[in-house]
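First the proteins, then the strands, lettered A, B, ... as listed; each starts at 1. Excluded from the calculations below are hydrogen atoms, water molecules and symmetry mates; all remaining heavy atoms, backbone and side chain alike, are included.
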There are 2 protein chains.
Amino acid sequence: MPHPPLKNKSSALFVERRSRRWHTDGMTAIQGARERARREVTAAIKSEARDRIAAEGAAQLSLRAVSRNLGMASSALYRYFPSRDDLLTALIIDAYNALGEAAEGPLVSGDPPESPAERWLAVCLSVREWALDHPHEFALIHGTPVPGYAAPQETGGPGTRVPFALIAVTLDAHRSGALGPVPGGPPPPAVLAEAAALAAEHAPGLPAPSMAAVTAAWAQLTGLVAFEVFGQYTHVIEESRAEFFAYTVRRMAAGIGLP
Amino acid sequence: MPHPPLKNKSSALFVERRSRRWHTDGMTAIQGARERARREVTAAIKSEARDRIAAEGAAQLSLRAVSRNLGMASSALYRYFPSRDDLLTALIIDAYNALGEAAEGPLVSGDPPESPAERWLAVCLSVREWALDHPHEFALIHGTPVPGYAAPQETGGPGTRVPFALIAVTLDAHRSGALGPVPGGPPPPAVLAEAAALAAEHAPGLPAPSMAAVTAAWAQLTGLVAFEVFGQYTHVIEESRAEFFAYTVRRMAAGIGLP
DNA sequence: CACAAAGGAGAGCGCTGCTCACTCATTCCG
DNA sequence: CGGAATGAGTGAGCAGCGCTCTCCTTTGTG
């Protein structure tokens, strides 16, 4: 992968295009064919890039190949994404949102599971299913950080949807008085303090030990899914992966105090 | 990253060099200056490549840069590694071995911790410490699979040293009669069967539920470490990461039945 | 209608992985 | 011992890459 400078150059979250000011008079909302075309081309680029990533992996993603398949000059692509890394960043944000939406699915669907532990399991199963269905996009967000490191910031919001889904299940159980204590005794003081601050900001009312346990479970869940997606469980768990995952995730729920 | 074909071309684990047959007569073990030089140059290439990976990440690793820093023509490098991916594979194997050695450290050192749970903690702490000290090499083995996918096979042996260290702790506890049951009831039958087969092959005598729990813990541990190394815990856990890790790993040990 | 802005095209720079003669030193063997 | 085979190293060169620049066409606006 050449792109020699790569110093996170144009990281001002894509080209600054001041949105066309919205006339307050009777002008219709058509907004011109140009804006529409821009949105469509942007979507086409991302879609083609996703296809190519699914075919060859993110490391092999090439702007020239994308532009070729789209029938446009490679230089035209830079009107939409100022660098290869910015395109990747956009795809990462999309992937975060897609995974987050999948995780939230069981919580907003018509018939959410009744017990907290079952809701927890449903969220984790959704995460696993999405990751197995979109391995390269999962790799984009939970594999090696691909832009030079320190990609986050812009990805901050979408990247928190999965842990917030896990927190929502736990907080819900707590509010209904069903959340038990975290087995095995309280965390050390430093952890307790930081978990309490975290809970105060993001999950008001949640006991600090539960918050710490959920935070750990988030990473553990991701590790479990990554092992499946990245093939680390090849020749280890083969036939019973789904049951193994559900069993492990249930034990994690118990380790948090979810009934 | 161009390397356009990349079809895992020369994956016959590097250049086939029939080892100089070992004369059974009184020939000394010097083996000629050539072999020695070859080993030294190979090591220098890998060392320089490791340096460059530590400086810029594996994605930016370039054979030409390595050869430049070594003062040799880029084409000469292909006498040692037939492709960039093969060099990366060699580095991956080395990283697996280094991590495995770190993990085994507490078990072979002069004064191993006494209780199984403390040995478990010591192994996990060693893994974490190595990963934080060698983030790019950790990314090489637990980030996005970098050669075209399906890298394993050659990495099979070295890649199992960490889980085997975890198994060793658990098996040792079991043999001394100290291993408790896995809390939360037995796994479903399919998991039980596969875990039993796994235990029969790699940890004779270990109860299948314990085997399943250790297998899960391996992935969970890796996820926990990866979150720290890859910056996923930024703005989540900051001050108390070490305590948080130790606390979580202790809870995992309890979840396996280690006293 | 005139003009500015946006989108697109093509050439070109420096980099990359990799191949191909070709040289030179070392090693093997009759 | 001396010719032959082998291995290491070189430099040129190919095609692909990210990215920039200049130029031209299309589109929307006052």
If you compare every side-chain N and O of A:Tyr80 against the phosphate oxygens of C:dG8 (OP1, OP2), does one of them come in below 4.0 Å? yes
Rounded to whole angstroms, how far apart are CG on B:Leu63 and P on C:dT19? 11 Å
Give the rounded distance in Å between these two atoms: CG of B:Leu77 and C1' of D:dG7. 15 Å
Would you mind telling me which of C:dC18, C:dC22, C:dG8 lies closest to the side-chain atoms of B:Arg79? C:dC22
Across the strands shown, which category fits A:Ser62 at heavy-atom distances under 4.0 angstrom: base, sugar-phosphate, nothing? sugar-phosphate
What is the distance, to the nearest angstrom, from the CZ atom on A:Phe81 to the C1' atom on C:dG7? 15 Å
Write down the distance between CZ (A:Arg39) and C1' (C:dA6), rounded to a whole number of angstrom. 15 Å
Output the single nucleotide from D:dT10, C:dC18, D:dC19 whose closest atom is nearest the side chain of B:Ser74. C:dC18
Nucleotide nearest A:Val41 when distance is taken to its side chain, options C:dA9, C:dG8, D:dC19: C:dG8
Can you measure A:Glu40 atom CD to D:dT27 atom C1' for me and round it to whole angstrom units? 16 Å
Minimum heavy-atom distance A:Tyr96-B:Gln232, with the two atoms named: OH-NE2, 2.9 Å
When rounded to whole Å, the CD to C1' distance for the pair B:Glu35 and D:dG7 reads 10 Å
Taking all non-hydrogen atoms of both residues into account, name the closest pair between B:Glu194 and A:Ser240 and its distance. OE1-OG, 2.7 Å
Regarding C:dG8, can its base be found pairing with the side chain of A:Ser75 as donor and acceptor, where the two atoms are less than 3.5 Å apart? no
Rounded to the nearest Å, what distance is computed from the CG atom of residue A:Asp86 to the C1' atom of nucleotide D:dT20? 15 Å
Below 4.0 angstrom from OP1 or OP2 of C:dT16, is there any side-chain N or O of B:Arg84? no
Considering residues, nucleotides and ligands other than B:Glu101, do more than 12 of their heavy atoms fall under 6.0 Å from its CD? no
Which heavy-atom pair separates B:Thr144 from A:Gly143 by the least distance, and what is that distance? OG1-CA, 3.3 Å
To the nearest Å, how far apart are B:Arg64 CZ and D:dA15 C1'? 12 Å
Just one of B:His134, B:His142, B:His136 clears the ring-ring contact (aromatic ring centres under 6.0 Å, His included) bar with B:Phe138, so which one? B:His142
Looking at C:dA6, I'd like to know if its phosphate oxygens (OP1 or OP2) sit under 4.0 Å from a side-chain N or O belonging to A:Arg38. no
